[in-house]
Enquirer: 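Pasting a structure below so you can have a look.
Note that the structure is a prediction, hence the values are computed from the model and not measured.
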Amino acid sequence: GSIAGGGAFGASVGIGVSAAYNDIGNRVAARVDGSQLRTAGSVIADAESAADMKTLGVGIGASSGGAGLAGSLSINKMRNEVVAEIVNGATVHADGNVRVGAANRNSLLVIAGSASGASSVGGGGAVVVNIVDNDTTAAITDSDATADANGNGLAVHTGEKDLADEDEDAAETVKGVIVEAYGRED
């Protein structure tokens with residue numbers, strides 16, 4: 001996260017400007033690539049990103065005489081790629097379950113503002129630009145995955161928020177071969 005501020009006070013003119021720039025770019029991967037796996041338990045290939053960006057930008061301008069001007073600019077870029085996969089002729093056999101899961105759960109909080117004051121003219125403005133480009137992929141490609149589904153199941157996202165805790169995602173338990181790509185932006 002970032003905090004940006006600018007302030008000025010002048011007898012005739014006061015100009016305050018702030019600018020903040022944030023850029024998060026992650027690549028997270030879980031991969032079974034061309035391998036032969038056999039287990040009495042479960043095979044889990046999970047990849048998860050949980051980027052959290054917070055920005056505060058404030059400009060303050062004041063003048064005891066003429067003009068007070070203020071402004072703030074905040075530019076935030078979030079580019080995350082999360083990939084979970086079984087590929088390239090891999091053979092996976094689990095007595096339990098097989099899960100290929102990619103989760104992209106990110107949050108962005110931006111507060112921007114300006115304040116100005118003067119005896120004759122005061123003006124202010126704030127601009128926020130958020131660029132969010134996240135990719136989430138889960139796949140089994142050109143490979144074999146078998147689950148006998150014995151034992152306990154595995155949790156998967158339902159796409160809903162947990163009613164008891166809105167910061168958490170609701171889940172249910174399932175068995176078998178599970179391929180899940182899940183994304184949430186707060």
Side-chain angles (χ1 to χ4, degrees), residues 1-4 19-57 74-111 128-186:
S2 64
I3 298 174
Y21 176 79
N22 297 291
D23 189 349
I24 293 178
N26 297 311
R27 184 171 199 288
V28 181
R31 177 176 293 122
V32 177
D33 190 343
S35 300
Q36 311 301 309
L37 300 177
R38 170 80 178 161
T39 182
S42 293
V43 173
I44 300 172
D46 282 350
E48 181 175 350
S49 171
D52 183 24
M53 184 184 296
K54 294 181 174 95
T55 303
L56 171 64
S74 178
I75 299 173
N76 303 290
K77 293 170 65 176
M78 184 179 291
R79 302 170 332 276
N80 297 306
E81 180 183 11
V82 180
V83 178
E85 58 190 356
I86 298 175
V87 295
N88 295 326
T91 301
V92 176
H93 188 155
D95 289 343
N97 304 289
V98 175
R99 180 173 68 203
V100 181
N104 209 339
R105 182 178 171 175
N106 305 296
S107 65
L108 178 63
L109 173 64
V110 181
I111 300 170
V128 174
V129 177
N130 294 324
I131 301 166
V132 179
D133 182 19
N134 295 317
D135 292 321
T136 309
T137 304
I140 299 173
T141 307
D142 298 324
S143 299
D144 294 317
T146 304
D148 295 337
N150 294 316
N152 295 327
L154 299 173
V156 297
H157 297 98
T158 65
E160 304 287 329
K161 288 187 177 184
D162 189 322
L163 296 177
D165 183 355
E166 282 197 19
D167 291 333
E168 294 299 320
D169 303 315
E172 64 181 314
T173 302
V174 298
K175 291 183 173 188
V177 176
I178 304 155
V179 179
E180 174 188 32
Y182 175 78
R184 175 176 164 182
E185 311 294 334
D186 290 329

Enquirer: Heavy atoms only: give me the nearest A147-G96 pair and the separation to one decimal.
Expert: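 Here A147 and G96 meet closest at CB-O, 3.5 Å.
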Enquirer: Below 4.5 Å, heavy atoms only, C-beta onward: do L37 and V32 meet side chain to side chain?
Expert: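 The answer is yes, as the side chains (C-beta and beyond) meet within the 4.5 Å cut-off.
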Enquirer: What is the minimum heavy-atom distance between V179 and A138, and which atoms define it?
Expert: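 Smallest interatomic distance, heavy atoms only, reads CG1-O, 3.4 Å.
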Enquirer: Is N97 reaching over with its side chain to a backbone N or O of A149, donor-acceptor style, under 3.5 angstrom?
Expert: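 No.
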Enquirer: Could you list the donor-acceptor pairs under 3.5 angstrom formed between side-chain atoms of residues 151-158 and any protein atom two or more places apart in sequence or on another chain?
Expert:
from, atom 1, to, atom 2, distance (Å)
H157, ND1, E180, OE2, 2.8
T158, OG1, E160, N, 3.3
T158, OG1, A170, O, 3.4

Enquirer: Do you know the tightest heavy-atom contact between N134 and N80?
Expert: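 Looks like OD1-N, 2.8 Å.
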Enquirer: Applying side chain to side chain contact (heavy atoms under 4.5 Å, CB included), can you list everything that pairs with A94, at least two apart in sequence or on another chain?
Expert: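 Only T39, V43, V98 meet the side chain to side chain contact (heavy atoms under 4.5 Å, CB included) criterion with A94.
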Enquirer: Just do the side-chain contact (heavy atoms from CB on, under 4.5 Å) check on V87 and D142 with the steps written out, would you?
Expert: CA-CA 6 Å; V87 295; D142 298 324; over 6 Å; no
Enquirer: Should S49 and N106 count as side-chain neighbours, where that means a heavy-atom distance under 4.5 Å?
Expert: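 Of all side-chain heavy-atom pairs linking N106 with S49, at least one is under 4.5 Å.
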Enquirer: Locate the shortest heavy-atom distance separating A30 from A47; write the atom from each residue and the value.
Expert: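 For A30 and A47, the tightest heavy-atom pair comes out as N-CB, 3.7 Å.
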Enquirer: Enter the distance from S42:OG to N150:CG here, rounded to the nearest 0.5 Å.
Expert: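 Answer for the OG-CG pair, S42 versus N150, is 9.5 Å.
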Enquirer: Taking C-beta and beyond as the side chain, do V28 and E48 meet within less than 4.5 Å on heavy atoms?
Expert: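 No, their side chains stay 4.5 Å or more apart.
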Enquirer: If you measure from the Lys or Arg side-chain nitrogens to the Asp or Glu carboxylate oxygens, is any gap between R79 and D23 under 4.0 Å?
Expert: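 Salt bridge: yes.
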Enquirer: Who pairs with E172 by side-chain hydrogen bond (donor to acceptor under 3.5 Å, both in side chains), at least two apart in sequence or on another chain?
Expert: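 side-chain hydrogen bond (donor to acceptor under 3.5 Å, both in side chains) list for E172, sorted by chain: empty.
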Enquirer: Taking only distance into account, with no hydrogens and no angle test, what donor-acceptor pairs under 3.5 Å do side-chain atoms of residues 50-57 form with protein atoms, sequence neighbours excluded?
Expert:
from, atom 1, to, atom 2, distance (Å)
D52, OD1, S107, OG, 2.5
D52, OD2, K54, NZ, 2.9
T55, OG1, N22, ND2, 2.7
T55, OG1, N76, OD1, 3.0

Enquirer: Taking the side chain as every heavy atom from C-beta outward, state whether N130 and L108 have any atom pair closer than 4.5 Å.
Expert: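 The answer is yes, as the side chains (C-beta and beyond) meet within the 4.5 Å cut-off.
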Enquirer: Indicate yes or no for a side-chain donor-acceptor contact from S143 to the backbone of T141 under 3.5 Å, with no hydrogens or angles considered.
Expert: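 Judged by distance alone, yes, a pair lies under 3.5 Å.
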Enquirer: Can you name the salt bridge (Lys or Arg N to Asp or Glu O under 4.0 Å) partners of D46, sequence neighbours left out?
Expert: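 R99.
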Enquirer: Quick check: closest heavy atoms across G34 and A90, and the distance to 0.1 Å?
Expert: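 Taking G34 first and A90 second, the nearest heavy atoms are N-CB, 3.8 Å.
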Enquirer: Please examine the side chains of D144 and V92, heavy atoms only from C-beta on, and report whether any two atoms are closer than 4.5 Å.
Expert: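 They are not in side-chain contact.
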Enquirer: Only pairs at least two apart or in different chains count here, so list each side chain to side chain donor-acceptor pair (under 3.5 Å) that has a residue in residues 84-96.
Expert: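 Checked against side chain to side chain donor-acceptor pair (under 3.5 Å) - neighbours excluded - the pairs reaching residues 84-96 are R31-E85, D33-N88, Q36-T91, R38-H93, R38-D95, H93-D148.
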